[in-house]
K.L.:
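Before I ask anything, let me first share the structure, which is written out below as structure tokens.
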Amino acid sequence: MKTIREILHEAVMRAANELFQAALAPAHIQIQETRKEFEGDLTLVVFPLVKLAGKSPEATGQAIGEFLVREVPELVSFNVVKGFLNLVVAPGYWLRFLSSIPAQGHFGFREPGSRPRVMVEYASPNTNKPLHLGHLRNIFLGYSVARLLEANGHAVTRVQIINDRGIHICKSMLAWQRSGKNETPQSAGEKGDKLVGRYYVEFDKAFKKEVAELMAEGKSEDDAKTQAPLMLEAQDMLRRWEARDPEVYELWQRMNGWVYEGFNATYASMGVDFDKVYYESETYLLGRDEVMRGLERGTFFRKEDGSIWVDLTAEGLDQKVLLRRDGTAMYITQDIGTAILRFRDFPDTDYQIYTVGNEQEYHFKVLFKVLARLGWPQADRCYHLSYGMVELPEGKMKSREGTVVDADDLIAEMVNVAREVAEEQGKLETLSPQEREAVYADIGMSALKYFLLRVDPVKNMLFNPRESIDFNGHTGPFIQYGYVRTRAILRKAEDAGLIAAPPDTSCPISDWERSVIRRIHDFPSVVEEAATRYNPSIVANYAYDLARDFNAFYQHCPILREEDTGLRNVRLNLVARTGDVLRDALYLLGIRVVERM
RNA sequence: GGGCCCGUAGCUCAGAGGAUAGAGCAACUGCCUUCUAAGCAGUUGGUCGCAGGUUCGAUUCCUGCCGGGCUCGCCA
């Protein structure tokens, strides 16, 4: 079924042709929603057409309005206010549209796999730090974008990259060796990622103490940091790791294993997953080989000290190191290797999307240019999906100052609030304790996900612990509540034997029904826009608008109690389709709906 | 200093060339013996950072300032 906008667009072209003998460019035709203080559904802005028409805005609007109402059966009337032509769409059109939505499947989603494969990377954790609030924004964003791309017809590969090698990992290992007394997550009763993270912090404390002592002996800060015995030991451990020293390597595997168990538990509670996990320990050598190949071909150059560089000054960037003077790999080296490994693993990938914070924008500019210099045609189909930081009322999160908001703690807190609110209301008594817990978890997660996804990704955002766990107003639970209402009504309708037949398209409807149907009508274009702009906040805000329109309708229009069978039938259809769209919109945000709350 | 991004109501955020700039929170009013009140209806609250420019029309585009963030490490 054609959308009303498509129908109008076409008709306005014809109108201009017949009335003014003018051919319109798409930019001439501006159709927007009618503001609620005027009568109408859609409004044509006539100013761009005034010159072509050679008439005043009012006369132009009048002429086009008469033409449209005469020629377009979907329109019933029009009015012109200043340069705005307000058009009233026939209720029958909205009802035909409503009945055209299939009860099965996903309205507004494209055929799966009808578009090329896209790889989406999100969650690039280090194994020495537990996941925190910043990771939550990253992961929810990437996961939602992956679902949006699927809904828009793409095949999607979800990947995670784990930074499991480097000096920082050695620090945790070293601290554990020195004071861990063979402690394990089991013996300590602690999640593995938390345990390893604790030793990382411990190293940092001991290291700072050493630095302070050395400085007290008169050394400069820089000297103290490079000469501190703990640092030298950590560096030695990294060298032994690279040489595959069995003792070091085994400990590394063991401790990383603990971390992965911890991460996986967090991912499970977040309701996210991955198709493939990449480890930097498996890609840094490939990256190093690739840099050496570039050196041989003269793409890169070597400085006197032995380090290898790329000169990007011609592209407005700087000279960048790609390999240290001692030949070891750095961050960008392993990123080069990871990218190439992915090109090889998934040769059918059209686009590769890196979900990484905006503090790494420069890094990715460099990375993509280096890949291009190396001759990889996929380089210009790599995209850095950059997002802003999550700030706290006190400012930036700083692990050293203990202001990091831990992901597990936050999730637990959101679920607790959900439990408290629900128990206070006592609406879930018919459910078993297990079912109730599942509802609390889904509601708590919906609050958290919605909070982080409703903001435009490019913007920094504020996380205020007090206000952010509100479950009223513009929140995930509000939208869940709208969905739950649709489910409750449909359950009761079924119990009462009121099976909805297709709506009678001649049934008169009020503004309450009309605004909900109009909103549903917008859903496909919202999905497409959100997918092409990699922006879940568009869907998040849409879902809120739909839930709000539905609540207003719900409050003002009886459904099961409506005695007119035809109207009740229309309303039941409307309830069912609203529920479907709310469910699908939340799905695109990675949010699971609940049936009761 | 160079580069990128952000400045909209007391707070958190929508709006991306069009009409009198919108929500939520906070504050204040009403509405549950009636399909779930995590809701609905309403009141209060704005120099869209500042100054120019383009345009019939600018919060939206351009330029310059001001304020904030990030970045320009042989850290990751």
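Computed from a predicted model, the values in this text were never measured in an experiment. Convention: sequence-line order gives letters A, B, ...; per-chain numbering from 1.
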K.L.:
Any side-chain donor-acceptor pair under 3.5 Å between A:Ser281 and A:Asp164?
P.N.:
yes
K.L.:
Starting at the 5' end of RNA chain B, write a dot or bracket for each base, bracketing those in Watson-Crick or G-U wobble pairs whose two distances are under 3.5 Å and using | for partners on another strand.
P.N.:
((((((((.[[[[.)..(...]]]].(((((.......))))).....[[[[[..)....]]]]])))))))....
K.L.:
Does the side chain of A:Ser510 pick up a donor-acceptor pair with the side chain of A:Glu513 at under 3.5 Å?
P.N.:
yes
K.L.:
Rounded off to whole Å, could you give me the NZ-to-P distance for the A:Lys36 and B:rA41 pair?
P.N.:
11 Å
K.L.:
Between A:Tyr284 and A:Trp241, does the ring centroid distance fall short of 6.0 Å?
P.N.:
yes
K.L.:
Write down the distance between CG (A:Leu312) and P (B:rG3), rounded to a whole number of angstrom.
P.N.:
17 Å
K.L.:
Determine, step by step, whether A:Phe84 and A:Phe38 satisfy the ring-ring contact (aromatic ring centres under 6.0 Å, His included) criterion, reporting the C-alpha distance in whole Å, the side-chain angles of both residues, the deciding distance to 0.1 Å, and the verdict.
P.N.:
CA-CA 10 Å; A:Phe84 299 91; A:Phe38 302 103; 7.8 Å; no
K.L.:
Can you check nucleotides 9-16 of chain B for protein contacts, nitrogen or oxygen pairs under 3.5 Å, and list what you find?
P.N.:
{"unit_1": "B:rC13", "atom_1": "OP1", "unit_2": "A:Leu462", "atom_2": "N", "d": "2.7"}
{"unit_1": "B:rA14", "atom_1": "OP1", "unit_2": "A:Asp456", "atom_2": "N", "d": "2.4"}
{"unit_1": "B:rA14", "atom_1": "OP2", "unit_2": "A:Lys459", "atom_2": "NZ", "d": "3.0"}

K.L.:
With salt bridge (Lys or Arg N to Asp or Glu O under 4.0 Å) as the criterion, how do A:Asp222 and A:Lys225 come out once you've worked through the C-alpha distance, each side chain's angles and the decisive distance to 0.1 Å?
P.N.:
CA-CA 5 Å; A:Asp222 285 352; A:Lys225 280 184 176 167; 5.9 Å; no
K.L.:
Between A:Lys492 and B:rU36, is there a contact of a side-chain N or O with OP1 or OP2 at under 4.0 Å?
P.N.:
yes
K.L.:
Do NZ/NE/NH1/NH2 and the carboxylate oxygens of A:Glu429 and A:Arg436 come within less than 4.0 Å?
P.N.:
no
K.L.:
Kindly write out the residues that satisfy salt bridge (charged side-chain N to carboxylate O under 4.0 Å, His left out) with A:Asp335, not counting sequence neighbours, or none if the list is empty.
P.N.:
none
K.L.:
Under 3.5 Å, is there a donor-acceptor pair between the A:Asn256 and A:Thr127 side chains?
P.N.:
yes
